[in-house]
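The structure under discussion appears below in the form of structure tokens.
These numbers come from a predicted model, not from an experiment.
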Amino acid sequence: MWNLDSLPDGNLDRQVIVPVDTLYEYDGPMIFRTRIGLVDLLCNKVSRRNGLDIILACQTDDRTITALKDGKLSVHGAFAREAYWIISLDDEDRIAAYWNCRRVDLPDRFFAKPGLGLFHWFGTVPDSLEQTSALLAIKFRGEALTEAGMPFGKLKGLLDQAFETARKILIPPQLANTKSSTFDLEVAPLRFASLMIAVKEPVINMQAIRRNRTLDKYERADFELAVRNRGADFATRLQDVYRTTQNNQLDDRYAEENFAFLDVLADILPDEQSFIDSVEFNAASTHGLTTVVFRKDEASAIKAKVQGADARRVVEHGSVTGITVASKSLRIRSVRQKDVTCYLTADHFAELLAERESILNRAIELRGTLTRRQRRDLLQVDQYRLIDRDILL
């Protein structure tokens with residue numbers, strides 16, 4: 001562990017440190033950018049000992065500084081590097097000594113807490129540039145997740161959860177019933193300490209899509225835009241759920257109206273027995289980057305409402321995959337990626353049957369009483385609404 005009594009690596013001939021961009025100040029520059037020779041440095045005044053200012057410094061670049069200043073990257077993330085310098089400055093800002101250090105050599109108090117931006121009004125912000133630029137990023141935090149690694153089984157479980165959730169959120173409805181090779185997601189390199197999975201862009205197999213004649217009218221750009229639109233819609237809904245939870249307004253009516261979305265969200269949120277303490281989402285919206293963190297207590301409230309939806313009224317969304325005249329029922333593939341058999345009244349079924357030629361793969365919203373089952377859920381429908389089949393959401 002580093003300390004002031006450690007043998008320094010040099011003093012650079014007592015070169016003067018001159019801030020070229022002060023990012024945060026309190027009785028002088030606290031977090032600032034400077035250059036020493038060819039090295040571009042981000043610096044943080046972390047202590048004062050024996051008449052010397054103690055500076056934590058790491059290499060930086062324009063992209064990091066811009067994101068930090070714009071509230072799109074936390075101070076913790078801006079200083080997330082493999083190598084550091086500790087620099088001691090005298091009262092004339094001359095380098096009295098410097099030390100080359102690794103993260104494990106330095107005390108935790110030298111580093112900001114995750115999620116905190118330069119200023120409090122930024123709110124919770126991402127801890128990495130990958131999150132900032134991702135279509136969707138999911139970050140898990142918990143004591144079992146460390147920089148040194150994590151149990152393999154826990155890693156697999158989190159990756160499976162993240163994959164299923166990201167696919168449900170981003171896949172265009174027209175591709176929901178196609179083979180898994182048709183639609184995939186490219187992710188950035190995984191980050192440990194807290195496991196972060198960032199989706200960079202969709203991987204769309206147009207050759208496989210072209211085998212389905214009902215999808216011939218769509219181009220790659222249509223699906224790419226649909227994925228981004230779905231990501232933006234997720235960000236908007238996510239903020240709404242978070243505000244509702246924070247304001248203690250997550251009542252039965254809200255759970256009914258937003259059941260499909262809450263069910264997708266609940267699958268990845270931690271419960272009281274989970275080794276995960278919180279899940280953070282970053283998503284690109286029409287208003288910029290959305291960052292929301294659900295901790296165990298908030299997650300438990302959401303999961304309780306969703307689990308309590310069995311044998312209660314819900315609003316379900318999906319696309320029609322089949323119709324059975326004898327039982328007056330539809331089969332749909334829910335946005336929850338769950339197959340649902342939907343029983344309609346005789347009048348409603350007759351209305352739908354009149355559109356039999358055009359109803360397959362049609363987007364639909366249904367209201368009714370849900371019964372969960374392992375293979376295929378049941379929905380006793382009392383209201384429905386067809387959605388324009390040409391809209392690619």
Side-chain angles (χ1 to χ4, degrees), residues 167-180 182-183 204 206 208-219 221-223 225-227 229-230 233-234 236-237 252-264 309-393:
R167 185 175 171 86
K168 290 175 186 178
I169 291 168
L170 296 176
I171 189 170
Q174 284 78 356
L175 301 183
N177 297 315
T178 59
K179 294 180 179 180
S180 59
T182 301
F183 179 83
I204 298 167
M206 291 303 296
I209 289 172
R210 292 291 182 234
R211 297 191 190 108
N212 186 335
R213 292 184 179 180
T214 64
L215 300 176
D216 276 348
K217 59 187 173 183
Y218 299 117
E219 301 295 334
D222 296 322
F223 292 114
L225 179 61
V227 171
N229 287 343
R230 288 178 66 81
D233 180 65
F234 172 76
T236 300
R237 289 172 175 266
D252 291 345
R253 179 60 184 272
Y254 187 89
E256 175 186 330
E257 294 291 332
N258 298 276
F259 166 72
F261 181 77
L262 291 174
D263 195 52
V264 171
D310 198 24
R312 287 171 48 190
R313 279 181 57 81
V314 302
V315 178
E316 181 66 280
H317 300 266
S319 57
V320 179
T321 58
I323 183 168
T324 305
V325 176
S327 60
K328 296 182 175 58
S329 66
L330 298 177
R331 293 188 306 279
I332 72 164
R333 182 67 170 174
S334 167
V335 294
R336 303 179 290 123
Q337 298 300 296
K338 178 79 174 182
D339 291 319
V340 185
T341 297
C342 307
Y343 291 101
L344 290 84
T345 65
D347 289 344
H348 286 162
F349 189 76
E351 291 174 357
L352 285 171
L353 201 59
E355 300 192 52
R356 186 172 186 175
E357 296 301 320
S358 62
I359 199 174
L360 285 182
N361 299 317
R362 188 85 172 264
I364 191 169
E365 175 188 286
L366 308 111
R367 294 171 181 265
T369 303
L370 178 76
T371 300
R372 289 183 184 272
R373 300 196 306 182
Q374 184 172 0
R375 180 169 172 268
R376 182 184 295 164
D377 290 346
L378 295 180
L379 186 69
Q380 196 69 46
V381 179
D382 51 51
Q383 295 180 47
Y384 77 92
R385 180 173 68 93
L386 287 172
I387 299 171
D388 190 336
R389 59 181 175 171
D390 291 327
I391 295 178
L392 189 61
L393 296 175

Would you please test Phe223 and Ile209 for side chain to side chain contact (heavy atoms under 4.5 Å, CB included) and show each step?
CA-CA 11 Å; Phe223 292 114; Ile209 289 172; 3.9 Å; yes
Of Thr371, Thr341, Leu366, the residue whose pairing with Leu379 passes side chain to side chain contact (heavy atoms under 4.5 Å, CB included)
Leu366
With the threshold set at 4.0 Å, does a side-chain nitrogen-carboxylate oxygen contact exist between Lys338 and Asp263?
no
Where do Arg210 and Tyr218 come nearest, in terms of heavy atoms and distance?
NH1-O, 2.8 Å
Heavy atoms, side chains only, cut-off 4.5 Å: are Ile171 and Gln337 in contact?
yes
Closest non-hydrogen atoms of Pro173 and Ser319, given as atom of the first, atom of the second and distance, are O-OG, 4.4 Å
Would a distance-only check, ignoring hydrogens and angles, find a side-chain to backbone donor-acceptor pair under 3.5 Å from Arg230 to Ile169?
yes
Counting C-beta onward and ignoring hydrogens, is there a side-chain heavy-atom pair between Ile323 and Phe349 closer than 4.5 Å?
yes
How long is the span from the CD atom in Glu365 to the CG atom in Leu386, to the nearest 0.5 Å?
10.5 Å
Rounded to the nearest 0.5 Å, how far apart are CG of Asn258 and CZ of Arg237?
6.5 Å
Phe234 vs Phe261 aromatic rings, parallel, tilted or perpendicular, using cut-offs 30° and 60°?
tilted
Separation of Arg336 CZ from Asp377 CG (nearest 0.5 Å):
5.0 Å
Test side chain to side chain contact (heavy atoms under 4.5 Å, CB included) applied to Leu175 and Leu215, step by step:
CA-CA 9 Å; Leu175 301 183; Leu215 300 176; 3.8 Å; yes
Residues Ser334 and Val340: closest non-hydrogen pair is CB-CG2, 4.2 Å
Within the 4.5 Å heavy-atom criterion, are Lys328 and His348 side-chain neighbours or not?
no
State, to 0.1 Å, how close Ala255 and Leu262 come at their nearest heavy-atom pair, and which atoms those are.
CA-CD1, 3.8 Å
Please lay out, stage by stage, how Arg312 and Phe259 fare under the test side chain to side chain contact (heavy atoms under 4.5 Å, CB included).
CA-CA 11 Å; Arg312 287 171 48 190; Phe259 166 72; over 6 Å; no
Evaluate the side chain to side chain contact (heavy atoms under 4.5 Å, CB included) criterion for residues Arg367 and Glu256: first the C-alpha distance (whole Å), next the side-chain angles of each, then the deciding distance (0.1 Å), finally the verdict.
CA-CA 9 Å; Arg367 294 171 181 265; Glu256 175 186 330; 4.0 Å; yes
Does a salt bridge link Asp382 with Arg313, judged by any charged N lying under 4.0 Å from a carboxylate O?
yes
Donor-acceptor pair, Thr321 side chain versus Arg331 backbone, under 3.5 Å?
yes
State whether Arg385 and Glu316 are salt-bridged, where the test is any N-O pair (Lys NZ or Arg NE/NH1/NH2 against Asp/Glu carboxylate O) under 4.0 Å.
no
Between Asp339 and Arg376, what is the shortest heavy-atom contact and its length?
O-CG, 3.2 Å
Taking all heavy atoms of Leu344 and all of Leu352, pick out the closest pair and write down the distance.
CD2-CD1, 3.2 Å
